[in-house]
Amino acid sequence: MLTDTLNDRQKEAVLHTEGPLLILAGAGSGKTRVITHRIAYLIENKGVNPWNIMAITFTNKAAGEMRERVDELVGYGSESIWVATFHSSCVRILRRYIDRIGYENSFTIYDTDDQKTVIKDICKRFNIDTKTTKERAVLAAISAAKNELISPEQYEKNNKNDFGKHNFIRIYKEYQAQLKKNNALDFDDLLVKAVELFEQCPEVLEQYQERFRYIMIDEYQDTNTVQFRFVELLAERYKNLCVVGDDDQSIYKFRGANIANILNFEKVFPEAKVIKLEQNYRSTGNILKAANEVIRNNHTRKAKALWTDKGEGDLIRLWEIDNGYDEAEAIAGDIERKVRQGSRTYSQCACLYRTNAQSRTLEEKFIAKSIPYKIVGGINFYQRKEVKDILAYLKTVDNARDDVAVKRIINIPKRGIGQTTINKVEEFANAEGISFFEALKRTEEMKIASKTANKIIDFVNSIRVYRSKLGEYPLTDIFHDIVDGTGYIKELEAENTDEAKARIENIEELLSKLADYQKQEETPTLSGFLEDVALVADIDSMDQNSDYVVLMTIHSAKGLEFPEVYLCGMEDGLFPSYMSINSDDSTDVEEERRLCYVAITRAMENLTMTYARKRMVRGELQYNSISRFIKEIPPLILESKTGVGNFGDLQNLEMKESDTFGGNFFGGFSSGRKETGGRRFASGSSAAKAAFARNSYGGLGGFGKKAMTAGELLNSGLVQKGFAGGAAQETAASQSDDENSAADAGPYGLGYQEGDTVKHVKFGAGKVISVKDAGRDFEVTVEFENYGVKKLFAMFAKLKKV
DNA sequence: CAAGCCATAAACCTA
DNA sequence: TTATGGCTTG
């Protein structure tokens, strides 16, 4: 029998096929099994035609996994089940019927670049300065409006008195008109126009209602308003709508997710049946108890309580630690010991934190102890563009002998010094045998236009000004001078996007590091600081070893599970964040609490929570109190330790091995690690070219991932390998030529070579005339049948061998 | 007005 | 990496 392997609640959910059904699936309660079994049951036992079943997920990946599992379980006819994401469903529908609402069915879909082009064009026509009105901010506002089904006209009405939004209103209107004119839809339009189609053409809606008699939605707590409307319309007729989700795991409010969709399900569908899946197959009793006790403090939620028949398990460890460094030290030390004792492998351990910037101290300790680690869904701290930029400034101020650093920042932020000028300066420097920066000081001796020369003089002078403070003022003052004086922070603030905010946070984290250094050293110097940083920044942290600890934000961890979880930074102000504590909206703290719930329920066997009495934030020492969430956990299931770190018993063993601790926090550095630094890209650069990926920065991933073990995570491609995207380009630039070319002897990874016939998306078929290694990319010359000879870059022109 | 130089786009299909 | 448009300046 199909349902034999299910528990009673799960069985009930599978058997309830008619009418609206809300399955509240707690963390680790086996919801994917329920969805797939329910589909199988509909077909095999209820005689439902697979053609009449629709299953919606958020990501293509989730859809693919669902498809796979359904295919396994359902025999004949499984291929005619509609398993798709919201967006792909809408595309399919619109391709058939969008002509009914005034578009052509051959509409094109605009990506972010296309969107930006349109916005840029509009700003130009409207004489709107794109320095103050950033395209990205406009796009974000338009996207937010569309997610809430707010038309340009409605948007205007809503914001009539808000002068700050005046430009947004004009642009949104014109943008939408432009898209229409171009017969184009952006990503959000796919949903919006599908809803519009259904609302304006009852006969089309009816047809799809007839087809999709049984609808299932996964991760329902993540749906936004327009997605909800889409589903509501489709299910209106037969009302066989089954939504699966967990209101307690709704953590994407900032991206438009509307928790009301799941909370008010029974209001919209009064006859709805609600089934709670509360048996958890992942965690021990104590972990579940902690999760339950925390989440029950939320008022806007559906009451439920996870349970397990696994037994209580170990107590939850709670460490009070003196400061952020000791926190990282304690966690790294604990993992090190467990692995040495053989009770854990690295990959069974995960460190979770609230903000990306917190990864820095952890990384440093992991490197110091030679513990292999990977950052998931982000880039290593010292590889981030903004961190490298500021460090380059500091290096330049310090001695300006590092030509790479000077060249990096000479035009950052943009000050009108371009490649031509840089080439000239470089030539001059080589001829004179002086450094790049020394050459900059002698602009008058080069043939450089006076306009550009003035900009160079300005730049050199500003560096001089920063430098003049060395020794006189605290290093942190100079740091502030740089980020303020160059306008670096200002530029990011103007961007006003989540990404820009994260970048600012990282710069503040670097400032904290500097402040900490300044405090610890008797005679702090900029050179000394940069040396300290170099020890951790330039190290080869990419172990070929596949066994590593993962570090990630809690958002990234959703859907994953680990035997050993460390949850750090459990302090009011950090988690929950200041923003949420001070917010007028009391549900902001509730969202943080849900985040805490997600974090706790990632742990299978052991959970350790840590908080620091003091912590360097934005260069200032903060004394935060213990997180309110911890106070919500019964002390009975906690095993508390105070003073972990310097004097705690946990560290005693480690301390005896090294008496340098306290003065020098890189005390445990092993010399063996240094040797690996040079071969960083030996196997990487070609792979990096082939694996070029855009926008790899700072993604808060975690859309509808199924529970994955560490091993699966490894193979899933979610783990940052350190070579993707911008990071690879930046770091490759600082490598010597011979190192690159040695690994790039042939264009392997391209899949074609000279003489092959290839196909291009736009230009069609052509013959490869030559393949040249052009530094970071391959330059491919192709003779196209209809477009003539073209030189293309392998990274961009995804050529395929025919 | 022409020369010189800077800034940017090129491709995929983010959920 | 390169072609192109746009901006600045002599």
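In this text, all values refer to a predicted model and were calculated from it rather than measured experimentally.
- For A:Glu427, the CD atom sits in a loose shell: 12 or fewer heavy atoms of surrounding residues, nucleotides or ligands are nearer than 6.0 Å.
- Residue A:Asn454 is out of contact with every strand shown, counting any heavy-atom pair closer than 4.0 Å.
- Counting non-hydrogen atoms under 4.0 angstrom, A:Phe86 reaches nothing in the nucleic acid.
- Between A:Glu505 and A:Lys501, none of the side-chain N atoms (NZ, or NE/NH1/NH2) sits under 4.0 Å from a carboxylate O, so this pair counts as no salt bridge.
- With hydrogens and angles left out, the side chain of A:Asn147 and the base of B:dA15 share no donor-acceptor pair within 3.5 Å.
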*Reading nucleotides 2-7 of chain B 5' to 3', which nucleotides get B (base under 4.0 Å from a protein heavy atom), which S (sugar-phosphate only), which -?*
---SSS

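- Atom pair A:Tyr220:OH and B:dA15:P shows a separation of 22 Å (rounding to whole Å applied).
- Comparing the same atom, P, in B:dA11 and in C:dT4 gives a spacing of 14 Å after rounding to whole Å.
- Of the options A:Lys558, A:Gln249, A:Lys253, a side-chain hydrogen bond (donor to acceptor under 3.5 Å, both in side chains) to A:Asp222 is made by A:Lys558 and by none of the others.
- Residues A:Tyr252 and A:Gln221 bring no donor and acceptor atom of their side chains to less than 3.5 Å of each other.
- Between the side chains of A:Asn380 and A:Gln383, not a single donor N or O lies within less than 3.5 Å of an accepting N or O.
- Rounded to whole Å, atom P of B:dA9 lies 9 Å from atom NZ of A:Lys116.
- For A:Glu148, the side-chain contact (heavy atoms from CB on, under 4.5 Å) partners are A:Ile150, A:Thr225, not counting sequence neighbours.
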